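First listed ligand is number 1; within each ligand, the first listed atom is number 1. Sequence positions, counted from 1, serve as the residue numbers for this chain. Because the structure is predicted, anything quoted here is derived from the model rather than measured.
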Amino acid sequence: MEAGGVDSKGRQFKNAEEMWREQIGKDSDSHKRVDWYRHGVGYWQEVEASVDGVLGGYGRVNDADIKCSEAFLRTVFSELLVDGGKNHLVALDCGSGIGRVTKNLLIRYFNEVDLLEPVSHFLEAAREGLASDGSTASDGHRATNFYCTPLQDFTPEARRYDVIWIQWCIGHLTDDDFVSFFSRAKVGLKPGGFFILKENIARSGFVLDNEDCSITRSDPYFKDLFRRCGLHLYRTKDQTGFPEELFAVKMYALLTEVPKRNSSRSKSRANRPAIINSGSS
Ligand code: SAH
């Protein structure tokens, strides 16, 4: 990625390579890389297990977030899942936090949802919250597996998932781990399955957050990584209705094969929300 970036202290970087060299060093097994991930998880270990906590103090955007995600999921579903919903559907919620996305959205559409989250007190809150949710039990939909693992160490069971949902957590992964995560995760998709990535978007280049060890990437930066992953961008949509001071947020639906569009069905061809810090403008 050639565009330059900034960190939250206002420091400028020529390009992402320069930033990563400093943050994690050249050797992928370096102690710097270990520290990067330790700080990332360490940051979240201090955060309260609540909607406000996982949304960086912006719990009030929950409804707008879920509404937009649901509309996007329904669009992609109606275009890609041509079986009329007869299948037993399974999703994976990556970096699930307290299970906010599962509880408000995924559990209504999928017969089973697995949650993956490295911070144990979040995962426990998710387990408790989902167990106490009567609506999920009554329709037979359930949260099945709770994996306390970070994305960079996770390999899914082969062909288990219809959808792998990754929201507000991929910024914790280095570029190389991003690419290797998606390569492993592809194997976890059923034929015809897809990824949905929902993330904050930098206006250009990237913004490094020194406090929680994560980066916010620009849209071209993401597209460059999708190419490296061999993923095909099927559809994208912007989040609407968020406060102005937050980063823009985009949803990407990603396929492992070149999209085959069903023209009669496809109508229009044609790490949590975060404040944009002073360095990013
Ligand atoms: N996706 C959830 C939580 C967002 S908060 C939601 O939208 O409500 C960001 C989450 O990313 C936290 O739960 C944090 O613990 C998790 N996270 C941090 N580092 C991670 C890593 N390396 N792999 C997976 N998740 C990570």
Trainee: Report yes if some N/O of Asp93 lies less than 3.5 Å from some N/O of ligand 1; otherwise report no.
Mentor: no
Trainee: Indicate the ring-plane relationship of Phe206 and Phe13, choosing parallel, tilted or perpendicular according to the 30° and 60° boundaries.
Mentor: tilted
Trainee: I'd like to check whether Gln167 has a polar contact with ligand 1, where a contact means an N/O of the residue lying under 3.5 Å from an N/O of the ligand.
Mentor: yes
Trainee: Hey, can you tell me if Phe178 and Phe222 have their rings parallel, tilted or perpendicular (30° and 60° cut-offs)?
Mentor: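 Answer is tilted, since the angle falls between 30° and 60°.
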Trainee: Please check this pair: side chain of Lys198 against backbone of Val249, looking for a donor-acceptor N/O pair closer than 3.5 Å.
Mentor: no
Trainee: According to the interplanar angle, ranging from 0 to 90°, do the rings of Phe195 and Phe182 count as parallel (below 30°), tilted (30 to 60°) or perpendicular (above 60°)?
Mentor: perpendicular
Trainee: Verify whether the ring centers belonging to Tyr252 and Phe226 lie closer than 6.0 Å.
Mentor: yes
Trainee: Is the contact between Phe122 and ligand 1 made by the side chain, the backbone, both, or neither, using heavy atoms and a 4.0 Å cut-off?
Mentor: side chain
Trainee: Are any of the N or O atoms of Glu117 closer than 3.5 Å to those of ligand 1?
Mentor: yes
Trainee: Could you list the atoms of ligand 1 found under 4.0 angstrom from a heavy atom of Ser96?
Mentor: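 Selected atoms, number and element: 2 (C).
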Trainee: With no hydrogens and no angle check, is any side-chain donor or acceptor of Ser8 less than 3.5 Å from a backbone partner on Asn210?
Mentor: yes
Trainee: Please state which part of Val51 comes within less than 4.0 Å of ligand 1, counting heavy atoms only: side chain, backbone, both or neither.
Mentor: neither
Trainee: Without hydrogens or angle criteria, can the side chains of Ser50 and Asp52 be said to hold a donor-acceptor pair below 3.5 Å?
Mentor: no
Trainee: For ligand 1, does Ser214 get within less than 4.0 Å through its side chain, its backbone, both, or neither, judged by non-hydrogen atoms?
Mentor: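 It is neither part, as no heavy atom is under 4.0 Å.
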Trainee: Tell me whether Val101 has any N or O atom under 3.5 angstrom from an N or O of ligand 1.
Mentor: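 Between Val101 and ligand 1, no N or O pair is found under 3.5 Å apart.
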Trainee: For Trp165, which of Leu73, Thr102, Val113 qualifies under side-chain contact (heavy atoms from CB on, under 4.5 Å)?
Mentor: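 That would be Leu73.
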Trainee: Is the shortest N/O to N/O distance between Cys169 and ligand 1 below 3.5 Å?
Mentor: no
Trainee: Would you call the rings of Phe194 and Phe77 parallel, tilted or perpendicular, where under 30° means parallel and over 60° means perpendicular?
Mentor: perpendicular
Trainee: For atom 23 (N) of ligand 1, which candidate among Asp153, Leu151, Val54, Leu173 provides the closest heavy atom?
Mentor: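 That would be Leu151.
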Trainee: For atom 21 (C) of ligand 1, which candidate among His39, Lys198, Gln152, Gln45 holds the nearest heavy atom?
Mentor: Gln152
Trainee: For the 3.5 Å polar cut-off, considering only N or O atoms, please tell me whether Arg100 and ligand 1 meet it.
Mentor: yes
Trainee: Closer than 4.0 Å to some heavy atom of Gly95 - which atoms of ligand 1 meet that?
Mentor: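 The atoms of ligand 1 under 4.0 Å from a heavy atom of Gly95 are 1 (N), 2 (C), 3 (C), 10 (C), 25 (N).
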Trainee: For His172, which of Tyr37, Trp44, Trp36 qualifies under side-chain hydrogen bond (donor to acceptor under 3.5 Å, both in side chains)?
Mentor: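 Filter result, single survivor: Trp44.
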Trainee: Could you tell me, atom by atom, which parts of ligand 1 come under 4.0 Å of a heavy atom of Pro118?
Mentor: 17 (N), 20 (C), 24 (C), 25 (N), 26 (C)
Trainee: Numbering the atoms of ligand 1 from 1, which are under 4.0 Å from a heavy atom of Val119?
Mentor: 15 (O)
